[in-house]
Amino acid sequence: MKEKFYLTTAITYTSGKPHIGNTYESIFADAICRFKRAQGYDVYFMTGTDEHGQKVEQKAAEKGVTCKQFVDEVAGEVKRIWDLMGVSYDKFIRTTDDYHVDAVKKIFTKLYKQGDIYKGAYEGLYCTPCESFWTESQLVGGKCPDCGREVKPAKEEAYFFKMGKYAGKLVKHIVTHPDFILPVSRKNEMMNNFLLADEFIGKSDKELLELIEAGQLKTKLQDLCVSRSTFKWGVPVEFDERHVVYVWLDALTNYITGVGYNPEGSSEKYKKLWPADVHVIGKDIIRFHTVYWPIFLMALGEPLPKCVLGHPWLLQGGDKMSKSKGNVMYADDMTEIFGVDAVRYFVLHEMPYADDGIITWELMCDRINSDLANVLGNLLKRTVSMTNQYLGGVAKKTGAEEETDKDFESVINGTYAKVAARMDEYKVSDAMDNLWALFRRANKYIDETTPWLLAKDEGKRERLSEVLYNLLVSLDVGANLLRAFTPLAAEKILKEIGAVESDYNSNKRVTEYKVTATPATLFERVKFEDIKGAIEKIEEKQRMEAMPVSEEKKEEITIDDFGKIEMRVGKVIACEAVKKSKLLHETIKVGSRTLSVLSGIAKYYTAEEMVGKKVIVVCNLPPREMKGILSEGMVVCAEAPDGTLSLVAPEKDLPDGSLLS
């Protein structure tokens with residue numbers, strides 16, 4: 001029977017479209033799962049969306065839709081992006097799924113009945129985006145310590161969980177399970193900032209265990225608010241429906257409900273998969289997963305996950321992403337420019353194990369050109385081209401070996417072990433470095449063996465075949481390892497060299513390769529100058545979306561006042577730019593009339609593109625002269641927050657002269 005491997009990502013909060021920093025997590029988790037599958041593990045990979053909470057309720061109200069309609073749309077967008085990026089999840093859970101809601105209700109009731117949850121009242125400082133209460137001493141610079149946003153005083157009746165009851169047990173688990181929180185820096189942060197009382201910080205693991213056994217350990221843990229009563233969008237507490245379950249108790253339990261946990265009887269699937277082998281999460285939510293979540297599990301009498309891996313952030317040019325700055329990078333925008341595998345490669349390779357990674361459009365161009373186009377792409381194209389040119393497309397193992405081959409063969413044979421060792425530690429970037437060392441060594445091998453010179457000597461044909469065969473073996477081994485990181489490129493390489501997918505545990509080697517007759521370019525080189533225009537459009541769109549729309553009310557008018565305005569559909573039949581101005585001069589046909597109209601829209605429309613457009617024209621303004629030209633009306637435009645003008649046009653193709661009413 002295959003050994004199971006159960007991995008989860010944090011479920012994505014449905015407050016909006018996920019940016020590349022959010023998407024990185026699913027790609028990172030996918031690489032681990034693909035690698036484990038190829039190693040022969042029975043992998044179960046779960047991701048999904050966190051869909052309850054006050055922030056969702058507020059966003060839905062702002063859009064004028066129901067909460068369910070809002071989360072349906074966002075969850076669909078998250079799933080679309082995960083699918084676009086090739087995320088090979090086995091299950092996509094949503095916390096609005098009926099089975100999850102039912103299980104959460106029963107979990108809350110179980111914890112209440114066994115005395116872990118009690119009713120009280122909470123007064124503190126509340127951060128709406130994080131949906132967290134804080135004390136004054138926990139704030140950083142007077143703001144939320146997690147997200148840096150404003151907090152507001154809040155008071156409400158609530159249910160609380162007795163965290164202190166399990167504090168010593170949790171500290172003992174962390175101390176005796178060194179891989180429970182990774183990287184180690186995250187463990188130290190949790191122990192020092194959220195668990196250990198100040199006088200115990202700096203104690204050795206041995207000293208902490210002795211204090212726990214003696215019942216002398218003190219912690220910072222306070223009872224946790226686990227319900228809310230000031231909004232309704234959440235899982236209702238089944239014995240007190242004025243309350244909804246606090247979003248973190250609701251969200252965290254997805255890791256068990258998604259595989260069949262229920263307090264009244266769990267599935268065989270749950271018994272097979274739990275505990276999870278690793279929770280992959282962002283460093284900003286490590287506290288919830290390494291303090292609250294294990295304590296909830298202890299209270300339920302369930303095993304703890306084997307590992308919680310808190311990955312760092314992906315920063316845009318060293319800064320957090322913000323729409324108002326226009327610097328948010330979305331996976332779908334990036335794939336339009338670079339392709340799916342190039343984006344996967346960059347985020348996997350450029351994110352360190354513990355420290356934050358940096359992403360910019362310029363860095364992406366540099367890395368794609370150097371690693372993908374030059375190192376890997378050139379290796380493939382040169383090898384396939386030489387096999388076709390010198391050997392008619394077939395390279396065989398001939399046994400014509402030389403001393404030069406030994407080091408190259410040792411690199412080929414040793415690459416899997418090196419990559420696997422790093423993947424076992426979840427150090428994906430380091431694993432990719434080990435793999436690219438193989439590709440770089442292969443390029444060096446070409447220079448060492450000079451196949452173009454061997455091809456000139458008929459007596460060295462067997463040696464030539466051996467050399468090209470060795471190169472194709474390196475591409476075969478490398479492409480199979482690449483399946484975890486850039487699956488589309490791996491598939492293309494295997495097709496080009498006439499090879500097939502193989503398990504990592506297989507040592508079988510073919511004795512010849514028949515390559516494709518027409519080698520393709522695996523990755524195109526990208527010049528930043530060539531994509532700069534597309535990037536500027538993306539950034540400008542974000543800035544516009546982030547700008548608040550002016551809602552200043554105009555002076556009220558009566559229906560009779562409005563009835564005096566004659567607005568009709570018109571068709572632009574001629575247009576020219578007015579020299580040294582921002583004006584366009586349009587000739588507009590409005591039914592049986594033809595009007596001369598001047599509009600200050602030259603910055604946004606050319607004269608040529610105006611011809612033939614249907615527009616809305618105010619026809620009963622008094623004529624006035626500008627720049628020596630008579631204007632007999634006004635074209636109606638909408639103005640964006642940044643001042644951009646856009647023509648208003650009828651939704652359907654109405655005849656010119658049609659009256660607006």
Side-chain angles (χ1 to χ4, degrees), residues 9-28 47 49-50 55-56 58-59 62-63 70-71 73-85 87 127-130 144 146-150 281-285 311-340 342-352 355-368 526 528 531-549 640-642 644:
T9 66
I11 49 177
T12 303
Y13 196 53
T14 48
S15 57
K17 180 179 178 179
H19 57 61
I20 190 61
N22 309 130
T23 309
Y24 158 75
E25 179 173 300
S26 66
I27 299 171
F28 176 80
T47 186
T49 43
D50 174 8
K55 186 159 56 171
V56 169
Q58 290 175 348
K59 293 236 175 198
E62 289 168 8
K63 287 196 71 173
F70 180 81
V71 297
E73 180 181 342
V74 179
E77 181 70 354
V78 172
K79 197 168 185 292
R80 181 187 71 82
I81 291 174
W82 277 206
D83 292 342
L84 171 69
M85 299 311 300
V87 179
C127 174
T128 299
C130 292
C144 172
D146 277 354
C147 72
R149 294 183 178 93
E150 298 291 337
I281 62 164
K283 68 176 184 179
D284 52 323
I285 54 173
H311 66 74
W313 286 341
L314 191 59
L315 303 177
Q316 216 283 18
D319 196 5
K320 289 190 77 173
M321 297 184 193
S322 163
K323 267 196 170 186
S324 61
K325 297 176 183 177
N327 72 345
V328 182
M329 297 174 76
Y330 293 107
D332 48 358
D333 290 334
M334 295 166 70
T335 58
E336 283 289 321
I337 294 172
F338 299 114
V340 170
V343 176
R344 283 180 63 107
Y345 176 82
F346 185 90
V347 298
L348 290 173
H349 183 266
E350 295 304 301
M351 181 71 90
D355 301 321
D356 293 337
I358 304 294
I359 185 170
T360 67
W361 297 100
E362 294 92 335
L363 284 174
M364 283 204 68
C365 290
D366 291 344
R367 183 61 72 184
I368 289 166
V526 183
F528 178 70
I531 63 171
K532 195 173 180 182
I535 294 166
E536 288 172 350
K537 286 182 181 178
I538 292 168
E539 292 175 343
E540 180 61 23
K541 181 183 177 184
Q542 288 178 20
R543 284 191 288 268
M544 285 182 59
E545 289 174 349
M547 285 183 179
V549 177
D642 66 346
T644 300

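FYI, the numbering just counts along the sequence from 1.
For CD of Glu336, the number of neighbouring non-hydrogen atoms (other residues, nucleotides, ligands) closer than 6.0 Å is 12 at most.
Considering Thr23, Val74, Ile81 as possible partners of Lys17, the one that fulfils the side chain to side chain contact (heavy atoms under 4.5 Å, CB included) test is Ile81. The side chain to side chain contact (heavy atoms under 4.5 Å, CB included) test with Ile359 is passed by exactly one of Glu350, Arg367, Met334: Met334.
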- Message: What verdict does the side chain to side chain contact (heavy atoms under 4.5 Å, CB included) test give for His19 and Leu314, after you've listed the backbone C-alpha separation in whole Å, the side-chain angles of each residue and the deciding distance to 0.1 Å?
- Response: CA-CA 10 Å; His19 57 61; Leu314 191 59; over 6 Å; no
- Between Thr49 and Val71, does a side chain to side chain contact (heavy atoms under 4.5 Å, CB included) hold up when you go through it step by step? CA-CA 9 Å; Thr49 43; Val71 297; over 6 Å; no
- Task: List the steps, then state whether side chain to side chain contact (heavy atoms under 4.5 Å, CB included) holds for Asp146 with Cys127.
- Result: CA-CA 9 Å; Asp146 277 354; Cys127 174; over 6 Å; no
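Panel note: side chain Asp356, backbone Trp313; a donor-acceptor pair is recorded below 3.5 Å. With hydrogens and angles disregarded, no donor-acceptor distance shorter than 3.5 Å links the side chain of Gln316 to the backbone of Met329.
Here the straight-line distance linking atom CD of Glu539 with atom CG of Asp333 works out to 10.5 Å at 0.5 Å rounding. The CZ atom of Phe346 sits 6.0 Å away from atom OG1 of Thr360, with the distance rounded to the nearest 0.5 Å. In this structure, CD1 in Ile368 is found 4.5 Å from CZ in Phe338, a value given to the nearest 0.5 Å. The CG atom of Leu84 sits 15.0 Å away from atom OH of Tyr330, with the distance rounded to the nearest 0.5 Å. Annotation: the span from Ile20 atom CD1 to Asp332 atom CG amounts to 9.5 Å, rounded to 0.5 Å.
The two residues Thr47 and Ile11 come nearest to each other via the heavy atoms C-CG2, 4.3 Å. Residue Pro129 comes nearest to Arg149 through the heavy atom pair CG-CD, 3.3 Å, listed as atom of the first residue, atom of the second, then distance. When every heavy atom of Pro18 is checked against every heavy atom of Trp82, the shortest pair comes out as CG-CZ3, 3.8 Å. The shortest non-hydrogen separation linking Ala10 to Ile285 is CB-CD1, 3.7 Å. Closest approach of Thr9 to Ser26, counting heavy atoms only: CG2-CA, 4.3 Å. Across every non-hydrogen atom of Lys55 and Ser15, the tightest pair is CE-CB, 4.0 Å.
Using cut-offs of 30° and 60° on the angle between ring planes, the pair Phe28 and Tyr24 is tilted.
With a 4.5 Å cut-off on side-chain heavy atoms, Lys59 and Thr14 do not count as touching. Proximity of Tyr13 to Asn22: side-chain heavy atoms (C-beta onward) are nowhere separated by under 4.5 Å. Within the 4.5 Å cutoff, no side-chain heavy atoms of Asp355 are placed close to those of Pro312. The shortest side-chain heavy-atom distance between Ile27 and Met351 does not fall under the 4.5 Å cut-off.
The pair Glu77-Arg80 meets the salt-bridge criterion, since a charged nitrogen lies less than 4.0 angstrom from a carboxylate oxygen.
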